[in-house]
Student: 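After the structure tokens below, expect a handful of questions from me.
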Amino acid sequence: MVNYTVGQLAYLKIFFHAAKHPHLQVNGVLLGKKVSETVEIIDAVPLLHHWTSLSPMMEIGLDLARRHAESLELQLVGYYQACERLDDTALAPVGERVASKVKEGFTHAVALVIDGDKIGSPDNAALIPYLAQSPSSSWRPYSEAGTAVPFSSGSSFSLSPPDLPARAVSLVRDQQLQRKFGDFDDHLEDVTIDWLRNKAAMTFDIQE
Amino acid sequence: MLASLPSALQTLANYRIHNTRASKEVVEKGKVLLDAKTASSLGDDAWAFLEQLTLAAIDVANYEVADECLRQLAAQFPESPRVDVLSGIRMEATQPPETALKFYDELLETDSSNAAIYKRRISVLIRIGKIEQAVTELSDYLDTFYTDVEGWVELAELYSSCNQYTSATRALSHALLLAPQNPFYVLQFAETAYTADDIPLAIKMFMLALDIIDRHASEESIPTGVSIRAWYGVKLCCRALSERSCSSASDTLLPKNLPLLDELSTERVLTAYSAAGKDNATGRELVLSWMGPSDRSGSRLHFVR
């Protein structure tokens with residue numbers, strides 16, 4: 001079992017995307033690389049918040065995101081989504097399809113589903129990891145051996161730095177940075193929207 | 001504060017016209033108006049404003065404001081079906097779903113013609129995850145209230161969320177019968193058909209959407225919004241059609257000049273990026289490379305069924 005770390009850029013982008021559309025399903029892909037036995041999830045590219053069950057724009061967005069990843073010398077390493085309902089933490093059928101496609105190109109692909117109930121609390125990652133045995137098998141929520149909960153200490157999943165949730169909450173609450181965030185759907189309305197990098201929303205000190 | 005009143009009222013009216021869900025802002029502005037007790041000076045607009053504020057307040061969990069608005073509305077319109085709907089929504093926010101469902105059932109028993117109440121019931125069912133039941137009730141509802149375009153679109157989205165794309169296109173075809181000039185519905189149909197792997201139908205509908213937009217377009221020919229999505233869709237379909245044999249469950253015929261369509265859609269999308277200016281259009285190089293000559297190295301991601 002490899003380890004997974006979610007870095008600041010990736011976590012904040014997922015958080016901002018969900019915060020911008022609290023009543024909608026949103027999704028996107030994860031960018032990163034495998035460094036020895038750890039999958040580093042470094043960045044995220046947001047895709048849709050509209051017609052999230054339909055595939056054409058998703059396919060185009062995925063393709064463009066993959067090329068963008070390559071330009072950063074990264075790969076597509078996973079998929080993320082936030083569901084419409086607070087109590088829904090299932091990976092949607094469309095999510096399974098995308099995640100499986102990503103897994104074809106990256107064996108250790110992971111799907112992260114936002115826990116709508118926990119998100120917003122500063123000491124909870126609020127991310128539920130899903131893994132699959134093979135690209136054609138079904139995706140299951142990852143359960144840790146022993147009693148560790150994903151993203152708690154001792155888990156194979158961690159945040160780096162660990163205080164990311166608190167940071168995310170304060171950036172949304174105090175600076176409303178999610179308002180400057182745009183995804184592929186937004187970009188299709190206005191091609192000047194920087195959905196691949198989202199520099200306008202990432203205006204704080206990035207600590208390595 | 002008084003000087004900003006007219007502009008606040010204007011903003012709120014705009015939101016009502018466009019059905020915008022900017023709940024936080026509505027509550028911020030609306031609360032000021034509510035506190036200043038200027039609502040009554042709005043005349044007939046007062047009630048639409050109070051309804052809007054009720055919904056926005058519930059959306060951001062400001063129940064104090066919501067209850068105050070509801071109180072005023074109920075006082076003005078006793079036994080109004082429209083106020084009943086608002087009361088139901090307020091109930092949904094803090095009571096268990098079963099309580100709201102029961103409330104709606106009782107209302108329907110006394111008045112089975114309140115379309116909005118059926119839809120609230122269906123919303124609750126969706127919210128608690130009872131999708132199958134929601135689909136059944138929504139289909140029944142549409143048998144009676146056939147002209148509810150929104151209802152057909154919602155049904156299509158429910159079907160899509162369960163992977164039933166062909167059923168979704170059937171529902172959307174009713175929406176198109178009722179609102180044939182709406183390019184959004186046509187676009188949604190096209191994207192759904194694509195997802196259902198009926199590429200000939202998808203490309204036909206992408207072209208129809210563009211046709212509708214064209215008829216209402218101004219002189220400039222720079223694609224925006226729906227057009228960009230539609231041209232991207234055409235390009236995607238052309239590529240699929242040139243790479244593999246695509247059958248059509250709906251027996252739709254292929255358009256005549258695919259290579260020309262391919263070229264045209266490429267040009268239209270790239271124009272949108274060029275028009276934005278070299279420094280402003282982000283990801284233009286990526287799009288250019290994506291448009292590039294078809295390569296069969298399998299480096300593109302498709303949802304092959």
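Proteins come first, then strands; the chains are lettered A, B, ... in the order of their sequence lines, and each starts at number 1.
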Student: Under a 4.5 Å heavy-atom cut-off, does chain B meet the side chain of Leu188(A), its backbone, both or neither?
Tutor: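 Looking at Leu188(A), backbone and side chain both touch chain B.
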
Student: Is there a side-chain contact between Trp51(A) and Thr192(B), using heavy atoms and a 4.5 Å cut-off?
Tutor: no

Student: Between atom NE2 of His50(A) and atom CD of Glu191(B), what is the distance when rounded to the nearest 0.5 Å?
Tutor: 8.5 Å

Student: Calculate, to the nearest 0.5 Å, the distance between atoms CG and CD belonging to Leu54(A) and Glu157(B) respectively.
Tutor: 8.0 Å

Student: Would you mind reporting whether Leu286(B) and Arg66(A) have side-chain heavy atoms less than 4.5 Å apart?
Tutor: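 No, side chains not in contact.
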
Student: Could you give the distance from CD1 (Ile60(A)) to CH2 (Trp290(B)), rounded to the nearest 0.5 Å?
Tutor: 4.0 Å

Student: Is the count of non-hydrogen atoms from other residues, nucleotides or ligands lying under 6.0 Å from Lys204(B) atom NZ greater than 12?
Tutor: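 No - once you tally the heavy atoms of other residues, nucleotides and ligands closer than 6.0 Å, there are 12 at most.
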
Student: Would a 4.5 Å heavy-atom cut-off, applied to side chains only, mark Asn163(B) and Arg97(A) as touching?
Tutor: yes

Student: Do Thr195(B) and Ser53(A) make a side-chain contact, defined as non-hydrogen atoms from C-beta onward lying under 4.5 Å apart?
Tutor: no

Student: Does any heavy atom of chain A fall under 4.5 Å from the side chain of Leu187(B), the backbone, both, or neither of them?
Tutor: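 Both backbone and side chain.
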
Student: Is the number of heavy atoms from other residues, nucleotides or ligands within 6.0 Å of NZ (Lys34(A)) greater than 12?
Tutor: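 Result for NZ/Lys34(A): enclosed.
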
Student: Within a 6.0 Å radius of atom CZ on Phe106(A), are there more than 12 heavy atoms belonging to other residues, nucleotides or ligands?
Tutor: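 Yes, enclosed.
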
Student: Quick check on Asp88(A) against chain B: is it the side chain, the backbone, both or neither that has a heavy atom closer than 4.5 Å?
Tutor: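 Neither part.
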
Student: Starting at CE of Met57(A), measure out to CG of Leu236(B) and round the result to the nearest 0.5 Å.
Tutor: 6.5 Å

Student: Quick check for you: among His23(A), Glu84(A), Gln25(A), which has the greatest number of heavy-atom pairs under 4.5 Å with chain B?
Tutor: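 Counting heavy-atom pairs under 4.5 Å, the top option is His23(A).
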
Student: Measure the CZ-CG distance between Arg67(A) and Leu288(B) for me, rounded to the nearest 0.5 Å.
Tutor: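 With rounding to 0.5 Å, CZ (Arg67(A)) is 10.5 Å from CG (Leu288(B)).
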
Student: Measure the spacing between CD of Gln176(A) and NZ of Lys24(B) and express it to the nearest 0.5 Å.
Tutor: 4.5 Å

Student: Examine whether an atom of Val287(B) lies under 4.5 Å from a heavy atom of chain A, and if so say whether it belongs to the side chain, the backbone or both; otherwise answer neither.
Tutor: both

